[in-house]
Amino acid sequence: MAVSTPVLGIVVLIYMMVIFYLGWLGYKKTQMTEDYMVAGRKMNPYVLAISYGATFISTSAIVGFGGAAGALGMGLLWLALMNILVGIFLAFVIFGKRTRRIGLKLGAVTFPELLGRRYQSRFIQGFSGALIGLFMPLYAGIVLIGGARFVETTLNINYDVAVLILTVIVAAYVITGGLIAVMYTDALQGALMFLGMALLLAFTYVNLGGVVEAHQALTNIAYLVPESLQAGGHLGWTAMPVFGSPIWWNLVSTLVLGVGIGVLAQPQLAVRFMTVRNDRALNRALLVGGPFILMMTGVAFTVGALSNVYFFEKLGVISVVAAGGNTDLIIPQYINSAMPELFVVLFMLTLLAAAMSTMSSQFHTMGTAIGHDFYREFLKKGELGQTINITRIAIAVTILVSVVLAYMLPISIIATATAIFFGLCAASFLPMYVGALFWKRMTKEGAIASMLVGAFSSLFWLLFVHAKEAVPFGLSQAIFGKATLLSGTWTVVDPIIVATPLAFLTAIVVSLLTKPIPQKHLENCFGK
Amino acid sequence: MLGIDDPQIWLAYVLCFLSAVGCIIYGALKWNEGEEEEEC
């Protein structure tokens, strides 16, 4: 069902006008560097919570992971649980408070800067900045795909131009209004997302006859799982896959652990903790953050799985088949065929909001990573130089790369590419981030070693062992003459499972072997 | 339970709700804690 374009046009126009107003508000309130980078450290706790949630949850979480749940089933709810417990509770209560305090004491305005100053190393800041600048476009690219897929199926038009216009609008308010504009617009977008997802859940359960009835119907069609998936360990959409099977490893190691833990070391999220005035704000933010995430990923994964019942009852096929084999199209297909027209318009806006809220933070983080962290602090040793221009150019170039990637990446890629980026961040940043906050004995050398080991072992595993990426990339085949260097179960174990512990181990061993950070600097970081 | 046979799934379903409620309770209990603003 295609939605009438005028209705959608007017709704989108009103939405864009409000966004424009909020962007302008951000621009007006931005007077100093701290305003641009960390929203002046005075952000309202609820805006923080919704902004954090809306950035965290992109179209990729809803469309990509919801689609993955359509194929793999409700086992993905473990990821929703991780999102709430790790991504919200642990992140705000344990990581957030210390990040805020140390960031303030060291005057850090970006995530790489927090790490660089804590360990007194420009290299750490520069390398982290470069890593973000290089790999975040992959993540931004798939967020674009997530939004574009929906436009593609809803409006039934060539979406290239729409995507480009959308990108330019987001870039405009990010460049002019900085993080204040990003967070204000996030709050509006988050509210829309909450409403959209709540209605989606309600409609789905009502359509399928109730909560228990819907689940039961899904349990009853387990026999429809295609043979190829059954062979991989799939036991139905309301059952976990066979323990240790390839599908189990994909679900548990890549999706649940990779994304569930990786979120802690996401630069665009960690910087949020430095935007509030005190710990009270972080406590209060939890009140909104927990239910918000439940409503996002919890709903997306449940509805994604339940779409199988709908498609089976209506078309006699399962979701993956109804979506032509592309899991990224399951949620859009489901919304378009199962929901009332007005809701399709609202959901279109929900996804637009989800894409924009994540993109805006990605653009902000990529731009500051290259302009501030890599160029100013690493190359120019803190001198201002052409920082502002470089940041703008960096934003433009990284956006361009994201758009190009959005066209080049293969189908069913959204969930996987998100996991790649989250995994890389976890392996490279998490050990030194944890050390920065909780382990005073961790040294600069330990931090650098763990960052390099984490980044390179993660990439190595991705290109040479993990079959899902290593085989299509073909680098291992070209150099060593075999598709993957290891065989058997290893080829389905996600890089994060290998690289992150390795990086933690490196951090501990190297730190214990090198000279501790001077007491005086630690007092600067933690207070006396 | 809840129309789901596998305990590994319904447990996740229930825990999702409980953890969100936990966040609400924590936020409400600590509503006024950590107010002092630290200056460096």
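Keep in mind that the numbers below use all heavy atoms, side chains included, and drop hydrogens, waters and symmetry copies.
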Fill in: Residue-level contacts of residues 80-89 of chain A with chain B, using a heavy-atom cutoff under 4.5 Å
A:Ala80, A:Leu81, A:Ile84, A:Leu85, A:Ile88, A:Phe89
Worksheet item: What are the two closest heavy atoms between A:Thr238 and B:Ile4, and how far apart are they?
Response: O-CG2, 3.5 Å
Worksheet, complete the sentence: With chain B, the option among A:Leu76, A:Thr302, A:Leu286 that has the most non-hydrogen atom pairs under 4.5 Å is A:Leu286
Fill in: Side-chain heavy-atom pair B:Trp10, A:Leu77 within 4.5 angstrom cut-off
no
Practice prompt. Could you tell me whether the side chain of A:Arg284 reaches within less than 4.5 Å of the side chain of B:Asn32, counting heavy atoms only?
Written response: yes
Worksheet entry | Interatomic spacing from CD1 in B:Ile9 to CH2 in A:Trp237 - rounded to 0.5 Å | 13.0 Å
Discussion item. Please classify the contact between B:Tyr13 and chain A as side chain, backbone, both or neither, with a heavy-atom cut-off of under 4.5 Å.
Written reply: both
Fill in: Beyond-backbone contact of B:Trp31 with A:Asn283, side-chain heavy atoms, under 4.5 angstrom
no
Worksheet, complete the sentence: Of the listed B:Leu15, B:Val21, B:Leu29, the one with the largest count of heavy-atom pairs under 4.5 Å with chain A is B:Leu15
Practice prompt. Would you name the heavy atoms of B:Ile24 and A:Leu287 that are closest together and state the gap between them?
Written response: O-CD1, 3.0 Å
Fill in: Considering all heavy atoms, the nearest B:Gly3-A:Val212 contact
N-CG1, 3.7 Å
Practice prompt. Measure across B:Asp6 and A:Ala239 and return the closest heavy-atom pair with its distance rounded to 0.1 Å.
Written response: OD2-CA, 3.4 Å
Discussion item. To the closest 0.5 Å, what do you measure between CG (B:Leu2) and NE2 (A:His215)?
Written reply: 6.5 Å
